[in-house]
2 protein chains.
Amino acid sequence: MVTIKDVARHAGVAPSTVSYVLSGSRKISEETRTAVRAAIEELGYHPRASARTLRRARSEVLVLAVPREPGKYRAVDGRFAIDIGDMARDRGYDLLLMTDPDGVRGLTRVARSGLADGAVLMAVRERDPRIEALRAHGFPTALVGHGEESEGDDPPWVDLDWAAAVSLAVREAVAAGHRRIAFWASADHEFEARNGYALRGLAGAEAAARETGAEVRVRRSTVEPDEARARLVELLTARPRPTALLVQHLIPLPLLLEEIAALGLRVGEDLAVVLVGSLPDEAGALRLPRVELPVGRMAEAAVRLVVEAIENPERPYAERELIAPTLVAGGPPIVPPGG
Amino acid sequence: MVTIKDVARHAGVAPSTVSYVLSGSRKISEETRTAVRAAIEELGYHPRASARTLRRARSEVLVLAVPREPGKYRAVDGRFAIDIGDMARDRGYDLLLMTDPDGVRGLTRVARSGLADGAVLMAVRERDPRIEALRAHGFPTALVGHGEESEGDDPPWVDLDWAAAVSLAVREAVAAGHRRIAFWASADHEFEARNGYALRGLAGAEAAARETGAEVRVRRSTVEPDEARARLVELLTARPRPTALLVQHLIPLPLLLEEIAALGLRVGEDLAVVLVGSLPDEAGALRLPRVELPVGRMAEAAVRLVVEAIENPERPYAERELIAPTLVAGGPPIVPPGG
DNA sequence: ACCGTTCGTCGAATCGATTCGACGAACCAT
DNA sequence: ATGGTTCGTCGAATCGATTCGACGAACGGT
């Protein structure tokens, strides 16, 4: 293992000089600098992360807390992990993936052991114990998604404006001529957990219904396939039949499309389908119009927020970013049959 | 920040004694041990990771190299990341997510800086430069998926037996009475990259066709939606029409199902559909029979292999795990119409 | 020629945990 | 009582990089 001493010896200088060349924190003559650089290159030297961290009290690592209900996996979590990894790297941080189902223990360990400098928390629940634990340690934190009720001293967060997202989808459908709209909301268990996106999406649908005067029939999704089919059939066979279907819970989408076809309805002709909160690429192949979940922008914001908290430890928790939704066209138009 | 000295002072012992209580590497009297434990508990002490790593030359961290073609995201990568994180934690390791598109640079840095003790590489390509770089540093490595041609001195790897997986699907279909089978293979770009799973899946289909005497028509998938639709239509409208469709490239599955419905075919009645290599839950809602990609078992094996390499640095690269496929029933039977 | 700067580099202390050798106390055998 | 063990604990060295104070050389001003 090649250390800073080896580099120093090889370049004929003191270890401290090598360190100054690396950090640029003191002036070093051009001559010495090139000699040191050459030695570093030649020996393939990389500073030992642990030694640097020990001395600087900074690890240049972020931890991403991915929620784990054992056996359950949400595709969106993996997607966020990858994108947040990209963003962290852009800012010079590495990313530690924390999949501990009991997030508090793992995060406490990481915080107190100095393994990471800050945390990004996903799938934040109401009164999330992880937030309290990290705040108690004064550990810089940013949240992806926010709870139902955000108090003033919560960590900074970023989220899609879910109410606006669903509302946008409704208003677009209305603008295209639809009058009877079906909304396939988040799943039962998401409402039970009082997840912010579920509650806000529903609120957005109701608000848009009031504002536009359109009829919006709501049905919650479920993870139980047969039950999901039954609910969809009920939703789509109501008289008069809805001409547009807005889908927020995308997990059973293939099943929904299958059932729509089984009912003899053609997507885009008899029934307009709009996805809300889809990943940028998952529905790409389907070419359905959609309000995308801007994973990249959210990842960028989350990393920026936590890095700012790391670098300005004084600053009180304040920032929040509510991202405005945008509709992506795709496939057949949203126009209702005969409209 | 509470250090080992604080704990020692609080318990009235020397720092070294605290360390021995923690590691158990020397005998400590019951009395002292409980006193130290109490002090640790009371002060909320966690050993500083950097100090421990510096001294022990072990970080207890694994790095997962996720392949990144910028802008492209494969759901399976995120899934593996989460599962490998779980498995690493079970063995006492944390997981660092390395999303550097140029894997070599990032991995070299992690290896030489001692940030991690070992690496798991995903989406290994033929003659992958990352493998060579890590071997040059003597860095313990395990692969998820293996290239077309595995040489004797490759790092240990784990993979699903893709040839057997597709072959199994074919033979099950034949056993159920199908004689004309369509195989929706991996996508064009996967064949061009000579990905092992693409090549082996195809080989499995051909072998099974020979063995069973059934007619297996093969079509490669593509990421271009319109083209994919066209190829599927061509595949399914051939005369005589195939009665079973085996799908290995699952990305456009919603699109395929949509198109099948558009052709007026009912899945499970006019056309049996079997998925090969699906994630355990992604197709759950659809209840189609499938040969699952055993992500959990593969993650377990990958972590086990790299940890073994870390703990027995002498042992030459040798292990490989080829996982036998299993068919999971689901939904309607595979029987052909009128069969 | 002398004194005060400035410049570039060095030496040593430091971060916090681990680990080896040593040391005192207690114990046993003679 | 003495010498040899065993047991439990301690002190100090160590891992490798950073950073502060200091120091010698070069330089400019008078």
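Throughout, a chain's letter reflects where its sequence line sits, starting with A, and its residues are numbered from 1.
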So which protein N/O to nucleotides 4-7 of chain C N/O distances come out below 3.5 Å?
none

Report task. Mind grabbing the angle between the end helix axes of the helix from C:dA1-D:dT30 to C:dT30-D:dA1? Five pairs an end, 10° rounding. Result ->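 Its terminal axes enclose an angle near 50°.
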Query raised in the report: Do B:R320 and B:H146 have side-chain N/O donor and acceptor atoms under 3.5 Å apart?
Result: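 Judged by distance alone, the side chains do not pair up.
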Query - Donor-acceptor pair between B:S16 and B:S19 side chains, under 3.5 angstrom - result: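 Distance-only check fails for B:S16 and B:S19.
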Using whole Å, what does the distance between atom [atom2] of nucleotide [N] and atom [atom1] of [X] come to?
X	N	atom1	atom2	result
B:E30	D:dG8	CD	P	11 Å
B:L54	D:dA17	CG	C1'	9 Å
B:R9	D:dC10	CZ	P	14 Å
B:R58	C:dT19	CZ	P	11 Å
A:R55	C:dC15	CZ	P	7 Å
B:K5	C:dC15	NZ	C1'	10 Å
A:I4	C:dG11	CD1	C1'	14 Å

Requested in this report: Check whether any side-chain heavy atom of B:V158 lies under 4.5 Å from a side-chain heavy atom of B:L143, and answer yes or no.
Outcome: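 In short, these two side chains do not touch, never coming nearer than 4.5 Å.
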Pairing residues for [X] by the side-chain contact (heavy atoms from CB on, under 4.5 Å) criterion, not counting sequence neighbours:
X	value
A:P294	A:L160, A:R297, A:M298, A:I323
A:E311	A:Y93, A:V307
B:A38	none
A:D90	A:M87

Query raised in the report: Using a heavy-atom distance cut-off of less than 4.0 Å, which residues of residues 15-26 of chain B contact DNA chain D?
Result: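 Contacting residues: B:S16, B:T17, B:Y20, B:R26.
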**Report entry** Salt bridge present between A:R304 and A:E321 (N-O < 4.0 angstrom)
**Finding:**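 Answer for the salt bridge query: yes.
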Report task. Answer yes or no: is there an ion pair linking A:D94 with B:R109, defined by an N-O contact shorter than 4.0 Å? Result ->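 B:R109 and A:D94: salt-bridged.
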Requested in this report: Report the residues that fulfil ring-ring contact (aromatic ring centres under 6.0 Å, His included) with A:Y197, sequence neighbours left out, ordered by chain and then residue number.
Outcome: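 Expected list: A:W162.
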Could you give the side-chain donor-acceptor pairs of residues 44-63 of chain A under 3.5 Å, partners two or more places apart or in another chain?
{"unit_1": "A:T53", "atom_1": "OG1", "unit_2": "A:A49", "atom_2": "O", "d": "2.9"}
{"unit_1": "A:T53", "atom_1": "OG1", "unit_2": "A:R58", "atom_2": "O", "d": "3.4"}
{"unit_1": "A:R58", "atom_1": "NH2", "unit_2": "A:I310", "atom_2": "O", "d": "3.4"}
{"unit_1": "A:S59", "atom_1": "OG", "unit_2": "A:V61", "atom_2": "N", "d": "3.4"}
{"unit_1": "A:S59", "atom_1": "OG", "unit_2": "A:L115", "atom_2": "O", "d": "3.2"}
{"unit_1": "A:S59", "atom_1": "OG", "unit_2": "A:D117", "atom_2": "OD1", "d": "3.0"}

**Report entry** Nearest-nucleotide comparison on DNA chain C, the residue closer to the 5′ end among B:A51 and A:A14
**Finding:**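 Nearest nucleotide further toward 5': that of A:A14.
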**Report entry** Under-4.0 Å side-chain N/O to phosphate OP1/OP2 contact, A:R52 with D:dT18
**Finding:**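 Yes, such a contact exists.
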Requested in this report: Report yes if a side-chain nitrogen or oxygen of B:T53 is closer than 4.0 Å to either non-bridging phosphate oxygen (OP1 or OP2) of D:dC15; otherwise report no.
Outcome: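 Checking D:dC15 against B:T53, no side-chain N or O comes under 4.0 Å of OP1 or OP2.
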Query raised in the report: Between residues 32-49 of chain B and DNA chain C, which residues have a heavy-atom gap below 4.0 Å?
Result: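 Within this stretch, B:Y45, B:P47, B:R48 sit under 4.0 Å of the strand.
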Report task. Quick one: which residue pairs count as a salt bridge (Lys or Arg N to Asp or Glu O under 4.0 Å) with a foot in residues 12-31 of chain B, not counting sequence neighbours? Result ->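 As it turns out, the salt bridge (Lys or Arg N to Asp or Glu O under 4.0 Å) pairs with a partner in residues 12-31 of chain B, which skip direct neighbours, are B:E30-B:R33.
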Requested in this report: Given side-chain contact (heavy atoms from CB on, under 4.5 Å), test B:L43 with B:D6 step by step and report yes or no.
Outcome: CA-CA 8 Å; B:L43 301 178; B:D6 301 323; 4.3 Å; yes
Query - Qualifying residues under side chain to side chain donor-acceptor pair (under 3.5 Å), relative to B:D100, sequence neighbours excluded - result: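 Testing B:D100 for side chain to side chain donor-acceptor pair (under 3.5 Å), a comparison that skips the adjacent residues, returns none.
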